[in-house]
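Input: a single structure, listed below in structure tokens.
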Amino acid sequence: MAGKVNMDDLQHLPAQVGVSDAAFEIKSNTVASKSCPEFTPEAYPPLPSNLETVQLPIISIDDLATPFPDKDSTLRLFEACKSPGIFYLKPPAKMSHERDNLVARATEWITKLEPAFHLPVEKKRKYNFIDSTRIFGYKEVGATVVDDVGTGDTSEFWNISKNELLKKQSLPSVHSTMAGRYPDIIEDNSSSLVDFMQDCHLLCMTILSAIEQELGVRHELQMKHEFSDTSGDHVRLARGPARVGQEIEIQTPAHTDFGTVTLLFNWLGGLQWRDPADLKWKWVAPKPDHLLVNLGDAACIFTGGLCKAPVHRVVPAPGAQGSYPRYSLGYFLRPGDKVILNRLCAPTIPQGLPMPGTGVTAERWIAIKAEGLGIGRQVLEDTNSRGQG
């Protein structure tokens, strides 16, 4: 079947598939319990020792989160943004407040909100995305396509909108536009989620500030990403199933991120990056107590292609880790909805042919990308089937 790889056929596949029998060997006695809680990072086994992983740059937050970061620090970050466009971010060596530990807080959020994934399917479907222009709420398994014949993905996730949380805070609950968008366990934690989003947003601004310094522009990137602006900013809680049998299913298809910066927290393998040099898929290993930073299309467009938006996908974790459902949390920074995606004007930014997405609003680009992945198709199909019934 398209979108799946059978273990018996791996030896006949081209090298860019990026998997091996050794990487996916599972022993029956390592299968994790399917009961809640499923998210148990303290119990996860290590990645296979023979797994070939990509060596990504490591950038220290301590070198950037100062009023006047030195040139070497901003240059190291900028070089990582230029190639490969994905890197590890090392947390502060000394944390003056528990809010500084984003990795620990992300772990707590997965633990706290995991029950949202265990609701009955029909109840979760009440919160499905409205269409490709409103991709907040619940994305069920199979709602995204992984190939050109329409094979569905195997992951599910909750996209929790920054603006909907802010509206809920500012309006009486009876008037909240968030009502009905998320299950109670998410709505009841909206205030604390806003705090988490604000701190993620601040970290993203630190990254953008370093890029601005290297480009020789003043606040032009940050001004396109005000926290109070209406935008596609959101937290995503994702769950991919444990691997069953010998087939490797695509949990999230190959894509570049729609926006500017993604902060990714994950605890199991499964993320793969496509090396532009040879087009091979290479494993990205989770690094304890670090987060991953991934740049998106908007960062590429704003910088005239200097910053790269890497192609990546998610498959089940390799080795014994594949016995566990794969949970992750991401914070997606996107420009304000009405921001036009164009390269910034600066001598350091190359001029050239416009890239995909150039000249449209950030809001429209999100819709274009979502439609390309088939997001929203399930809602339309369900609506059509109800109309025909």
Side-chain angles (χ1 to χ4, degrees), residues 32-45 61-62 65 88-119 124 127 136-139 155-162 164-166 168-169 178 181-206 227 233-242 261-271 285-294 314 317 321 324-333:
S33 170
K34 294 182 180 179
S35 61
C36 186
E38 293 181 323
F39 178 63
T40 54
E42 69 283 352
Y44 295 155
I61 295 176
D62 284 335
Y88 296 109
L89 201 58
K90 182 180 179 181
K94 294 183 179 180
M95 301 184 190
S96 57
H97 193 279
E98 62 181 13
R99 289 184 63 158
D100 295 335
N101 195 338
L102 290 177
V103 176
R105 291 168 69 190
T107 305
E108 292 170 0
W109 277 119
I110 294 286
T111 301
K112 182 179 292 186
L113 300 181
E114 180 191 330
F117 289 101
H118 302 304
L119 295 171
K124 288 188 287 188
Y127 309 102
F136 300 126
Y138 177 66
K139 187 209 77 71
S155 70
E156 56 182 323
F157 54 75
W158 295 93
N159 278 357
I160 306 171
S161 164
K162 172 202 70 179
E164 289 177 350
L165 294 181
L166 289 174
K168 182 176 177 66
Q169 281 193 330
M178 186 182 171
R181 176 73 75 183
Y182 309 102
D184 290 344
I185 192 170
I186 294 177
E187 291 203 36
D188 292 345
N189 286 285
S190 60
S191 180
S192 296
L193 272 169
V194 166
D195 291 339
F196 178 70
M197 287 187 180
Q198 284 181 313
D199 291 332
C200 288
H201 186 274
L202 180 61
L203 178 55
C204 291
M205 293 302 101
T206 300
F227 190 73
D233 291 10
H234 66 280
V235 159
R236 174 177 298 168
L237 306 169
R239 178 192 182 277
V261 178
T262 301
L263 305 181
L264 179 62
F265 306 84
N266 59 175
W267 297 263
L268 288 173
L271 178 65
K287 195 172 183 64
D289 300 321
H290 289 60
L291 59 143
L292 277 165
V293 176
N294 189 71
V314 179
Q321 286 193 356
Y324 293 80
R326 186 182 187 278
Y327 283 84
S328 65
L329 184 149
Y331 177 75
F332 293 81
L333 176 77

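Atom set for the values below is all heavy atoms of this structure, side chains included, hydrogens, waters and symmetry mates excluded.
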- Full working for side chain to side chain contact (heavy atoms under 4.5 Å, CB included) between H201 and Y331: CA-CA 8 Å; H201 186 274; Y331 177 75; 3.6 Å; yes
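- Proximity of the aromatic rings of Y182 and Y127 is defined here by a centroid distance below 6.0 angstrom, and this criterion is not met.
- A pairwise comparison of heavy atoms in S328 and I110 identifies O-CD1, 3.5 Å as the closest pair.
- Taking CD of Q169 as the reference point, atom OG of S190 lies at 6.0 Å (rounded to 0.5 Å).
- Among all heavy-atom pairs drawn from Y324 and P45, the shortest one is CE1-CD, 3.6 Å.
- Using cut-offs of 30° and 60° for the angle between ring planes, the Y138 and W158 rings count as tilted.
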- Task: Before giving the answer on salt bridge (Lys or Arg N to Asp or Glu O under 4.0 Å), spell out for K124 and E156 the whole-Å C-alpha distance, their side-chain angles and the decisive distance to 0.1 Å.
- Result: CA-CA 10 Å; K124 288 188 287 188; E156 56 182 323; 2.9 Å; yes
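- Remark: the backbone N or O of E164 is paired with a side-chain donor or acceptor of S161 at under 3.5 angstrom.
- Under the rule for a side-chain contact (heavy atoms from CB on, under 4.5 Å), the partners of N101 that lie at least two apart in sequence or sit in another chain are M95, V103, A104.
- The two residues S155 and K139 have their closest heavy-atom pair at O-NZ, 2.8 Å.
- In this structure a side-chain-to-backbone donor-acceptor pair under 3.5 Å is present from K162 to F227.
- Partner L165 forms a side chain to side chain contact (heavy atoms under 4.5 Å, CB included) with one of D195, I186, N189, L193 and no other, that one being L193.
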- Item | Chi angles and distances behind the side chain to side chain contact (heavy atoms under 4.5 Å, CB included) call for K90, I61 | CA-CA 6 Å; K90 182 180 179 181; I61 295 176; 6.0 Å; no
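- The six-membered or imidazole ring of Y327 lies near that of F117, with a centre-to-centre distance under 6.0 Å.
- The existence of a salt bridge linking D199 and R105 is confirmed by a sub-4.0 Å separation between a basic side-chain nitrogen and an acidic carboxylate oxygen.
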- Task: Go through the steps for H118 and E38 under the test side chain to side chain contact (heavy atoms under 4.5 Å, CB included), then give the verdict.
- Result: CA-CA 10 Å; H118 302 304; E38 293 181 323; 3.4 Å; yes
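- With values rounded to the nearest 0.5 angstrom, L203 atom CG is found 14.0 Å from Q198 atom CD.
- Summarising the geometry of R236 relative to N159, their closest heavy-atom pair is NE-OD1, 2.8 Å, with the distance given to 0.1 Å.
- To the nearest 0.5 Å, atoms CG (L291) and CG (L329) are separated by 10.5 Å.
- Heavy-atom minimum distance, P91 versus D62: O-OD2, 4.5 Å.
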List the atom pairs, donor and acceptor, that lie under 3.5 Å between side-chain atoms in residues 261-269 and the rest of the protein, sequence neighbours left out.
| from | atom 1 | to | atom 2 | distance (Å) |
| --- | --- | --- | --- | --- |
| T262 | OG1 | D257 | OD2 | 2.7 |
| N266 | OD1 | R326 | NH2 | 2.7 |
| W267 | NE1 | T107 | OG1 | 3.3 |

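- In this structure, the separation between CG on D289 and OH on Y88 is 13.0 Å, given to the nearest 0.5 Å.
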- Item | Audit row: K287, L292, side chain to side chain contact (heavy atoms under 4.5 Å, CB included) steps and yes/no | CA-CA 9 Å; K287 195 172 183 64; L292 277 165; over 6 Å; no
